[in-house]
Amino acid sequence: MLPQEVIRRKRDGNALSTDEVKEFISGLTNGSVSEGQVAAFAMAVFFKGMSADEAVGLTLAMRDSGTVLKWDLPGPIVDKHSTGGIGDNVSLMLAPMLAACGCFVPMISGRGLGHTGGTLDKLDSIQGYNTAPDNELFTKVVRDVGCAIIGQTADLAPADKRLYGIRDVTATVESVSLITASILSKKLSAGLQYLVMDVKCGSGAFMQRREDAETLAYSLVSVANGAGLKTTALITDMDEPLANCAGNALEVLHAARFLKNELTHSRAHEVTLRLGIELLLSTGIAGMVADAREKLEASLSSGRAAAIFGDMVVALGGPTNFMQKPEKHMATPAIVKPVYADQRGNIHAIATRDLGLAVIELGGGRRRADDKINHAVGLSNLLGKNANADHHTPLAMIHAADEASFVRAEKIVKSAYIIGEVSKELPPILETLTA
Ligand code: URA
């Protein structure tokens with residue numbers, strides 16, 4: 001079948017058959033379909049959308065474009081995926097907690113995208129940690145330790161790699177069907193049995209409006225379940241940073257301190273627990289919410305989750321005493337200085353996306369795909385909504401490599417914080433979607 005005929009049928013709003021989708025994705029993977037044809041296909045899907053059946057077909061065809069991992073382990077194979085936000089280091093905390101509860105977590109994570117941070121960049125701040133092991137080491141760490149967080153390898157869902165690169169430069173990233181197939185093809189290629197999605201919504205999310213987040217969450221849940229992967233989704237608030245810091249090493253430090261029970265309860269704690277509860281219920285490891293919560297809390301209080309994180313770091317090439325002294329094994333910034341609001345008062349709202357842009361301005365994220373990033377820089381001690389800013393309480397501490405980038409970030413942070421009346425507190429979890 002000719003690729004241009006598949007594109008024409010989609011352009012005209014027809015539903016594609018599974019065979020048409022399969023053949024197009026096979027041509028996309030082996031290079032016989034040209035870049036122009038892939039771009040035209042993506043644009044046709046962007047405008048005409050896909051039915052649930054087509055999206056399942058696309059997801060499975062993309063999964064089958066490379067290796068699909070198979071596991072034979074004495075526990076369920078699970079993962080969590082977030083659509084991205086600011087101060088969202090839940091993966092680093094949740095993976096070892098789930099492993100401590102008897103799950104196996106082969107987590108394939110991504111680099112920062114747009115204004116959001118990426119788990120892979122965060123892990124790259126740990127000296128010696130190998131985020132690109134071969135499949136043999138990856139599977140060994142999952143089996144021996146219980147979890148391994150790494151980057152996408154070349155042989156997992158290669159169709160997504162090519163399609164994503166072309167979408168990125170043809171204004172076709174924001175298609176619900178294409179985002180769904182992109183995320184889920186990678187998850188399915190890791191051989192998962194259970195997945196929980198954290199779909200972010202608000203000023204620091206890709207889906208700022210609640211109805212868009214709901215559409216994406218619904219698509220992810222229905223396509224994943226249609227493809228045989230038991231999946232639920234939470235829609236969570238991203239109208240303020242999840243943790244009180246943003247930046248690679250700072251977020252690893254936050255996760256390590258959380259796992260060591262050194263942080264008081266927070267929104268990050270609640271979101272992490274609720275995502276874990278979803279998975280413990282799906283797998284049957286817990287029968288009720290209270291039981292699931294207790295198991296997850298025990299993974300923290302017993303020190304088991306912290307020990308597993310430390311073991312994962314060692315197994316992937318990092319320092320043996322990382323959990324004892326995490327800050328010793330990560331780069332430190334040249335400058336750490338506070339930024340104060342011009343006017344004292346209540347934090348009414350936060351332009352959360354701008355805080356992510358401030359991290360990029362400091363060098364902690366990329367402007368171009370091939371940029372090197374500075375893992376040490378970022379923001380800490382971020383005030384949340386309805387906190388009080390005054391001349392003694394800074395909006396944040398800025399960790400910068402030099403004075404010039406400090407000044408640029410200071411300007412962005414100041415304007416991101418809107419001082420005004422007390423605003424309505426949103427719960428961190430806005431909605432739960434099950435199949
Ligand atoms: N993350 C992905 O992996 N793919 C998308 O298309 C968007 C976000």
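Atoms within a ligand are numbered from 1 in the order they appear, just like the ligands themselves.
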query = Any idea which of G114, G118, S182 brings a heavy atom closest to atom 4 (N) of ligand 1?
reply = S182
Protein heavy-atom partner closest to atom 8 (C) of ligand 1 - residue, atom, separation in Å = L113 CD2, 3.8 Å
inquiry  = If we ignore hydrogens and angles and just use 3.5 Å, is the side chain of S222 paired with the main-chain N or O of Y218 as donor and acceptor?
reply    = yes
query = Identify the closest protein heavy atom to atom 3 (O) of ligand 1: which residue and atom is it, and at what distance?
reply = K186 NZ, 2.5 Å
ask   = Are a donor atom and an acceptor atom from the side chains of K200 and T83 found within less than 3.5 Å of each other?
value = no
message = Tell me whether S219 contacts the main-chain N or O of T215 through its side chain, where contact means a donor paired with an acceptor under 3.5 Å.
response = no
key: ligand 1 contacted by V173 (non-hydrogen, < 4.0 Å)   = no
message = I'd like to know if the side chain of N14 reaches the main chain of R9, judged simply by a donor and an acceptor atom lying under 3.5 Å from each other, with no hydrogens or angles considered.
response = yes
ask   = Hey, is the main chain of M1 close enough, under 3.5 Å, to the side chain of E23 for a donor-acceptor pair?
value = yes
Atom 1 (N) of ligand 1: nearest protein contact (heavy atom, Å) = I183 CG1, 3.9 Å
remark   = Under 4.0 Å from one or more heavy atoms of Y164, ligand 1 contributes atoms 4 (N), 5 (C), 6 (O), 7 (C)
inquiry  = At less than 4.0 angstrom from any non-hydrogen atom of R167, what atoms of ligand 1 do you find?
reply    = 6 (O)
request  = Decide if atom CZ of R210 counts as having more than 12 heavy atoms of other residues, nucleotides or ligands within a radius under 6.0 Å.
outcome  = yes
